[in-house]
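Predicted model, so just to flag it, every value in this text is computed and none were measured. Both ligands and their constituent atoms are indexed starting at 1 by order of listing. For the single chain, residues carry numbers from 1 onward in sequence order.
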Amino acid sequence: MWAGRFTGALNKEADDFNSSLGFDKKMFRQDIAGSMAHAAMLGKQGILTGEEAEAIRAGLAGILADLETGALDFDTDCEDIHMFVEKVLTDRIGDLGKKLHTARSRNDQVALDLRMYLRDEVGKLTAELKALISAVLSQAEANRGVILPGYTHLQRAQPVTFAHHLLAYCMMFLRDIGRLSDAVRRMNVSPLGSCALAGTTYPTDRLYTAELLGFDGICENSIDAVSDRDFCVEILSALSLVMTHLSRFSEEVVLWSSWEFKFVELDDAFTTGSSIMPQKKNPDMAELVRGKTGRVYGDLIGTLTVLKGLPLAYNKDMQEDKEAIFDALETVSRCLSVFTPMIVTMKPLPENMAAAAKKGFINATDLADYLVGKGRPFRAAYKTVGGLVARCLSLGTVLEELPLSEYKAADPLFEEDLYREISLEACVSRRNSLGGCGPESYERQVAFVKEQLAATDKKSEAPGESF
Ligand code: ARG
């Protein structure tokens, strides 16, 4: 490829070290689509003849078809996917293939391919995240009335429904979809035609190729176009947050399926046994998802570190962007492929949740609110209830079973109706403040999640595929 300037061949180790074909071959479809658009533009602008452009297009279409069927193998002697496609084209259509690289560089080509590849992959991942949200929503719908303790500091705090708890995760994953689509929106401008770094003297039409390839516009500065990898960082950070959410959810699944909690039972298909302890049923999938979070964070930090000291414009360091982002995309996708069915098949155990909810004084706030309703200031009521909790602990009982005489001794405003007021069902169903765990708020949240999912359906129809 460098014939002319070089007399010697590249050292074998250096050649392997330099090559990116092993991983950037993933982008062959995007590379070929980009080349087809480029050739069409060269033909339209008279830089190539119409026949030349058409012959190149047909040659590229043949390469695409053969790569799809496996009739053509990736030639490991080529440095990267861009050189591979150009070499095969030239082998197949002769010297005309050498004209394809007119008014283009691998620097704008790789930036183009990566943007198109990520656009497609993020689209697929968004669909996977939506499937997860639907699965979590179905579990919520099936467990509307199931009460469990809500925790702060992992101490039993106030009663909530299992559905309300699950819906919190729907909100997180909806934001993840939003972040990914923001990143794609900013990324969806074409660098093609920026060439090595400075643009070109040929009468190219960048707007035309951008439109052919489904971009919303072009990168306005040629140096920025070939040196920008912000879009990788944005997507990696959105993926890191997806993993943060999956990891927190996994942690809860691990806790919930422990003997200490036993709030859920995971399906056999998503658990493993122990090689030595016959009683064990381990939540390996959730643990692995939690563990793989570190790996995706590593991809983000690695990419930021690669970029931080780079002078403008393109530097070979940037070849390191791909393995990191490919790994992150694949890791998140593989995590979702087990996490979603694990949630679908997870069996909640409402009796155990109810038993835990009955023991932790989680209705103490409601008891204080009861006294406030009778006219006591909140701080005074808080103190009285604190004393009653201590009294229960010394008697080995709970608030709902403490005799009325004990209550009256603490504050004469207590009446028989307090027992109804502090039942866990009453505590939950009264919390209808917007976003609270009560039934009215629940309906509103479900409507919100469904509406957001439908809105992402419409959005994802818009940008279209690369081809
Ligand atoms: N394989 C390279 C990469 O992934 C493509 C761009 C190479 N450009 C160059 N001037 N060496 O970044």
Side-chain angles (χ1 to χ4, degrees), residues 1-6 8-35 37-38 60 63 67 74-90 98 100-121 187 190-200 209 213 219 221-233 235-236 299 302-330 466:
M1 197 56 84
W2 334 121
R5 170 72 178 82
F6 286 71
L10 188 59
N11 166 282
K12 172 80 182 83
E13 289 305 320
D15 194 19
D16 288 348
F17 188 67
N18 197 41
S19 171
S20 55
L21 185 67
F23 47 88
D24 64 19
K25 63 185 177 194
K26 271 186 197 302
M27 307 190 302
F28 75 89
R29 295 187 183 88
Q30 291 74 16
D31 193 77
I32 291 173
S35 288
H38 183 65
L60 289 167
I63 296 173
L67 286 173
F74 291 98
D75 172 359
T76 46
D77 282 349
C78 290
E79 186 184 314
D80 55 29
I81 186 62
H82 326 295
M83 290 186 137
F84 168 76
V85 172
E86 193 182 330
K87 177 179 172 291
V88 178
L89 182 70
T90 306
K98 297 181 183 166
L100 173 62
H101 213 52
T102 313
R104 187 176 76 169
S105 151
R106 277 188 299 155
N107 297 350
D108 54 345
Q109 208 181 340
V110 70
L112 174 80
D113 293 5
L114 194 52
R115 283 170 194 254
M116 293 204 301
Y117 181 82
L118 294 177
R119 191 172 69 179
D120 294 346
E121 291 303 307
M187 175 178 75
S190 170
L192 185 60
S194 299
C195 306
L197 80 163
T200 180
T209 47
L213 295 169
C219 303
N221 177 294
S222 61
I223 295 181
D224 180 48
V226 294
S227 33
D228 173 32
R229 293 294 184 272
D230 291 359
F231 55 93
C232 293
V233 175
I235 291 172
L236 282 165
D299 292 327
T303 302
L304 281 167
T305 311
V306 164
L307 294 174
K308 72 178 267 294
L310 296 186
L312 303 181
Y314 177 82
N315 300 270
K316 195 61 175 257
D317 317 45
M318 289 158 78
Q319 181 164 287
E320 290 291 309
D321 57 5
K322 280 171 283 301
E323 278 173 296
I325 199 151
F326 293 167
D327 179 72
L329 281 164
E330 193 186 323
S466 292

Are D228 and R115 close enough, and set up right, to give a salt bridge (Lys or Arg N to Asp or Glu O under 4.0 Å), and what steps lead you there?
-> CA-CA 11 Å; D228 173 32; R115 283 170 194 254; 3.1 Å; yes
Going by the order shown, which atoms of ligand 1 are within less than 4.0 Å of some heavy atom of D80?
-> 1 (N), 2 (C), 5 (C)
For V110, take its heavy atoms, then give the atoms of ligand 1 lying under 4.0 Å from any of them.
-> 3 (C), 4 (O), 5 (C), 6 (C)
R104 side chain to T200 side chain, donor-acceptor N/O pair below 3.5 angstrom = no
Examine F28 together with F84 and report whether their ring centres are nearer than 6.0 Å.
-> no
Salt bridge check: are R106 and E79 linked by an N-O gap of less than 4.0 Å?
-> yes
Return yes or no for this condition: an N or O of S20 is under 3.5 Å from an N or O of ligand 1.
-> yes
Does K322, backbone or side chain, put an N or O under 3.5 Å from an N or O of ligand 1?
-> yes
